[in-house]
Amino acid sequence: MNNNWQRKHILSLEDFTVAEYDMVLSTALSFRSVLQSKTKKVPALQGQVVANLFFEPSTRTRSSFELAAKRLSADVLNFSPGTSSLTKGETIMDTVTTYWSMGANIMVIRHSGAGVPLNIASQLDKLNSGVSVFNAGDGMHQHPSQGLLDLFTICCCLDADNPRISLLEGKKIAIVGDILHSRVARSNIYSLLAGGAEVHLAAPPTLLPMLFKETVNSKYQERLFVHWELKPALEEADFVMTLRLQKERMSEYLLPSLREYHQLFGITHDRLKWCKPGVKVLHPGPVNRGVEISSELMDDANYSLIGEQVTNGVAVRMALLYLIGNYKG
Ligand code: CP
């Protein structure tokens, strides 16, 4: 397996290279085989400690990182803010250094504040800790492991035996929903554009400001499109990614009603008739059934890749932990 990985922390996909994407995809493919084998486990990170520091709720990402670390034979420490010494006034950085003192080698961090994992990584570097930090979702900023498992899922759909980022060349991918508040959209935009896809964003103007495009710092801007209607985004699309309305990040009322939102932007079997035959639908979860996607479509295995995304999440996170766990600096 490839161990020529040059990145200590994984905080954003903004500056990921094509070579890095391909290294993650090929490593994840190997770990998917491990997960399909009888033992499901390898000793790749034996003796290493992975600390899951989730300061914000999570089901998929946290459990997936935990399982991935265990499948690599690492020791795993889980942390929940509500039952931790944060409730007694301990600071986040003192919490982090406590885990470092216990021997954590990799810290997987989720926080509602954009930039918190970056800040922790910088402080740990100043302490020469040797700890790698993985951003498991920071506010509205980035969610790199979700972007990479989405990429792996799409590329496996296009070539199950040899997923590679160049398979995206010329594909049309629609991202529909609460783009404004979505760290998943921000990560996916970078990976999909880097692979040569056309990315079409669709949402009401309150969830997709005209200037959003200017905030994307990509050399591939000419393949990024913004729509305030669904149809132009979905027409001839190869893949459709739907996003949850992130009510926890909305400081004001941005939509007249959920019913109207579903009528205008909800993804249904009927709406998929605008897309290419064979179109597939993704959703990072958690899903609000009947809002951003109809319940029937979510459960329709002919279209929905949602279950595969979750399954692939373990293999992709094994790949990421393996790569940064073997980073030599
Ligand atoms: N997709 C995702 O991040 O889900 P969780 O919030 O359940 O981790």
Side-chain angles (χ1 to χ4, degrees), residues 10-14 24 28 50-71 76-82 106-118 133-154 156 173 175-192 203 207 239-250 267 280-289 291-293 297-299 304-321:
I10 299 183
L11 301 168
S12 167
L13 296 188
E14 189 173 339
V24 172
V50 176
N52 275 330
L53 307 182
F54 279 59
F55 299 90
E56 197 192 59
S58 165
T59 297
R60 277 148 283 268
T61 313
R62 178 179 154 146
S63 301
S64 184
F65 265 114
E66 180 176 352
L67 187 56
K70 287 177 172 169
R71 297 290 198 211
V76 182
L77 296 172
N78 283 315
F79 158 92
S80 296
I106 299 174
M107 294 191 192
V108 180
I109 296 174
R110 170 171 288 193
H111 198 282
S112 58
V116 170
L118 169 65
V133 173
F134 202 107
N135 177 7
D138 61 332
M140 292 159 37
H141 176 225
Q142 282 278 314
H143 193 346
S145 65
Q146 182 69 47
L148 292 165
L149 76 87
D150 291 344
L151 179 70
F152 183 71
T153 303
I154 290 175
C156 284
I173 302 180
I175 305 181
V176 181
D178 185 359
I179 313 276
L180 177 65
H181 300 100
S182 177
R183 54 196 177 207
V184 175
R186 285 177 177 80
S187 285
N188 272 311
I189 286 168
Y190 287 114
S191 56
L192 300 175
L207 299 180
F239 294 91
V240 178
M241 290 185 170
T242 58
L243 299 172
R244 182 174 64 89
L245 295 176
Q246 314 233 341
K247 286 182 225 141
E248 72 276 22
R249 295 191 217 290
M250 292 185 189
I267 305 300
K280 298 289 181 195
V281 179
L282 298 97
H283 191 306
V287 176
N288 287 317
R289 286 178 178 262
V291 180
E292 65 267 12
I293 183 169
L297 180 58
M298 181 180 167
D299 296 332
S304 172
L305 295 176
I306 297 171
E308 265 177 68
Q309 286 174 272
V310 176
T311 303
N312 288 336
V314 181
V316 170
R317 291 180 173 116
M318 281 175 83
L320 295 167
L321 291 174

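These numbers come from a predicted model, not from an experiment. Just follow the structure's listing: the first ligand is 1, and inside any ligand the first atom is 1.
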Subject >> Residue that, paired with His143, satisfies side chain to side chain donor-acceptor pair (under 3.5 Å) out of Arg110, Arg183, Arg186 >> reply: Arg110
Original post:
Do Thr242 and Val240 come within less than 4.5 Å of each other through their side chains, counting heavy atoms only?
Top reply: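 Side chain of Thr242 against side chain of Val240, heavy atoms only: contact under 4.5 Å found.
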Original post:
Would the Phe65 and Phe54 ring centres measure less than 6.0 Å apart?
Top reply: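 Between Phe65 and Phe54, the centre distance exceeds or equals 6.0 Å.
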Original post:
Does the Ser187 side chain pair with the main chain of Ser12, one donor and one acceptor, at a distance under 3.5 Å?
Top reply: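 Checked: no pair found.
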**OP:** Verify the distance criterion only: is there a donor paired with an acceptor across the side chains of Gln146 and Asp150 at less than 3.5 Å?
**Re:** yes
**OP:** For the pair Phe134 and Arg317, evaluate side-chain contact (heavy atoms from CB on, under 4.5 Å) and give the outcome as yes or no after the intermediate values.
**Re:** CA-CA 10 Å; Phe134 202 107; Arg317 291 180 173 116; over 6 Å; no
Subject >> Contact residues of ligand 1, where a non-hydrogen atom lies under 4.0 Å away >> reply: Ser58, Thr59, Arg60, Thr61, Arg110, His143, Gln146, Pro284, Gly285
